[in-house]
Amino acid sequence: MAIIAVPKHAPESTMSEPNNSFIDPKIDYGRFRGRVTDKGDSGQILKVQVENNNTKFLKTGDILYFKVNNHADKYYCKGSVRSIEDFYFSMYVQDFSECWSEGKYFPRGMQLNFRAPKLEQRVFEASKYRELLILRKESFLKQLNEINHFLWTFDQQRLKTAAEYDEQINRLRRQKQLALDNLLNKKKENIMLQTELIKKLDSVDESLDHYKVERQEYLKDRWAMDHDTGLPFKRRPQEMKEE
C-alpha cells in the first residue's frame with residue numbers, strides 16, 4: 001500500500017490514453033466539486049451532481065465535508081451520504097451554519113467544494129483492484145482466443161489429426177505386410193533346410209553303419225559253427241592220405 005503507482009503519460013502533442021489502471025499521485029482524489037440539483041422538503045437532504053464519477057466509491061454513511069465555492073472565509077459543513085448513483089449522490093446535512101449564513105435560504109444550483117477523507121483511499125484500492133481485473137481479463141481473453149482459434153480451425157485440425165492417424169495406420173500396414181513376407185520367406189528357407197538336413201542325416205546314418213566297429217568277443221562256441229563233414233573225429237590229427 002506504500003508503493004506509489006505512477007501512470008505512463010502520453011506526449012503533450014498527442015491525446016493521452018484512458019487511465020485504465022493507475023492513479024495520478026499528483027491528484028488529491030479526496031477533493032472534488034459538485035452542484036446541488038435538488039433538495040428535500042426539509043431542506044436538509046441535498047442531491048448533488050458531479051462531473052467526476054469517482055463518487056461511486058462512496059458508501060452510505062460516509063462523512064463528507066463541503067463549503068460553497070468562492071466562500072473561502074467559511075468553514076466546512078458536515079454531511080452524511082444517503083445514496084449513490086452514477087454522477088449523483090444524496091447527502092444529509094444537519095447544520096449549514098458553518099458554511100452558509102444562518103437563516104439564509106440555501107438555493108439549488110450552488111456549486112460546492114467537497115472533501116471526503118475516505119474517498120481517496122477507496123480510489124486507490126479501486127485502482128489496485130482494477131489492475132487485478134485487467135490481468136484477469138487478459139487471462140480470459142487469452143483463453144477465449146485459444147478456444148476461438150480451435151473452433152475456427154476445427155476442420156483443419158480434424159483433417160490434420162485424421163492424416164496423422166492414417167499415416168500411422170499405413171505404416172503399421174506396411175510393417176504387417178513386411179513381417180508376413182519375412183515369415184513366408186523364413187518358412188520357405190526352413191523347408192529347404194529341412195530337406196537338406198534330412199539328406200545329411202541319412203548320409204550320416206549310412207556312414208555310421210559303415211564305420212561301425214564289431215566286438216572282438218565270441219558270442220558262440222566256434223566248434224559248433226564248424227561244417228560237419230561226417231568224418232570221424234579223433235583227438236589226434238589223421239594221417240595224411242597219399243594219392
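Applying the salt bridge (charged side-chain N to carboxylate O under 4.0 Å, His left out) test to residues at least two apart or on different chains, the pairs with a partner in residues 153-164 are Asp155-Arg158. Applying the salt bridge (charged side-chain N to carboxylate O under 4.0 Å, His left out) test to pairs two or more places apart or on separate chains, those with a residue in residues 32-49 are Asp38-Arg108, Lys47-Glu85. Listed by first and then second residue, the salt bridge (charged side-chain N to carboxylate O under 4.0 Å, His left out) pairs involving residues 192-202 amount to none (not counting sequence neighbours). Sorted by first and then second residue, the pairs that involve residues 169-186 and meet side chain to side chain donor-acceptor pair (under 3.5 Å), not counting sequence neighbours, are Gln177-Asp181.
For Tyr211, the OH atom is loosely surrounded, since the number of other residues' heavy atoms within 6.0 Å does not exceed 12. Crowding of Glu146 atom CD: a count of heavy atoms from other residues, nucleotides or ligands under 6.0 Å exceeding 12. Atom CD of Gln156 is surrounded by more than 12 heavy atoms from other residues, nucleotides or ligands within 6.0 Å.
When hydrophobic clusters are built by joining Ile, Leu, Val, Met, Phe, Trp and Tyr residues whose side-chain heavy atoms come closer than 4.5 Å, directly or via intermediates, Val50 is grouped together with Met110. Cluster membership for Leu172 and Leu178, using ILVMFWY side-chain heavy atoms within less than 4.5 angstrom, is not shared. Hydrophobic clustering, with ILVMFWY side chains joined whenever heavy atoms are under 4.5 angstrom apart, groups Tyr29 together with Phe124. Under the 4.5 Å side-chain heavy-atom criterion for ILVMFWY residues, a single connected hydrophobic cluster contains both Met91 and Val68. In this structure, Tyr92 is not a member of the same hydrophobic cluster as Phe66, with clusters built from ILVMFWY side-chain heavy atoms closer than 4.5 Å.
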Next item on the list: Apply side chain to side chain contact (heavy atoms under 4.5 Å, CB included) to the pair Phe32 and Glu51, showing each step before the final yes or no.
Entry: CA-CA 9 Å; Phe32 60 93; Glu51 296 181 358; over 6 Å; no
Note to self: Would Asp28 and Arg31 count as a salt bridge (Lys or Arg N to Asp or Glu O under 4.0 Å) here? Give the steps.
What the structure shows: CA-CA 6 Å; Asp28 184 1; Arg31 297 180 182 272; 3.2 Å; yes
Next item on the list: Using the side chain to side chain contact (heavy atoms under 4.5 Å, CB included) rule, take Glu131 and Lys128 through it: C-alpha gap first, then chi angles, then the decisive distance, then the call.
Entry: CA-CA 5 Å; Glu131 292 181 22; Lys128 305 306 290 184; 3.4 Å; yes
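Grouped with Phe154 in one hydrophobic cluster are Ile147, Phe150, Leu151, the linkage being side-chain heavy-atom contacts under 4.5 Å among Ile, Leu, Val, Met, Phe, Trp and Tyr residues. Other members of the hydrophobic cluster containing Tyr76, listed by chain and number, are Ile63, Tyr65; membership follows side-chain contacts under 4.5 Å among ILVMFWY residues, whether direct or relayed.
Contact record, Val81 with Leu58: CG2-CD1, 4.3 Å, taken as the closest heavy-atom pair. The minimum heavy-atom distance linking Leu46 with Phe106 is given by the pair CD1-CE2, 4.0 Å. Scanning both residues, Ala116 and Leu64, for their nearest heavy atoms gives CB-CD2, 3.4 Å.
Aromatic pair Phe89/Phe114: centroids less than 6.0 angstrom apart.
Two residues are said to be in side-chain contact when any heavy atoms from C-beta on lie closer than 4.5 Å; Tyr88 and Val48 fail this criterion. A heavy-atom distance below 4.5 Å is not found between the side chains of Cys77 and Tyr75.
With hydrogens and angles disregarded, no donor-acceptor distance shorter than 3.5 Å links the side chain of Ser139 to the backbone of Leu135.
In this structure, CG on Asn53 lies 11.0 Å from CD1 on Ile84, to the nearest 0.5 angstrom. Going from atom CG of Leu112 over to atom NZ of Lys67 covers 11.5 Å, rounded to the nearest 0.5 Å. Atom CD of Glu138 is separated from atom CD1 of Ile134 by 7.0 Å, given to the nearest 0.5 angstrom. Gln157 contributes atom CD, which lies 14.0 Å from atom CH2 of Trp152 (distance to the nearest 0.5 angstrom). Distance check: Leu193 CG to Ile198 CD1 gives 11.0 Å after rounding to the nearest 0.5 Å. How far OG of Ser97 is from NZ of Lys104: 14.5 Å, rounded to the nearest 0.5 Å.
A salt bridge between Arg122 and Asp62 is present, with a side-chain N of the basic residue lying under 4.0 Å from a carboxylate O of the acidic one.
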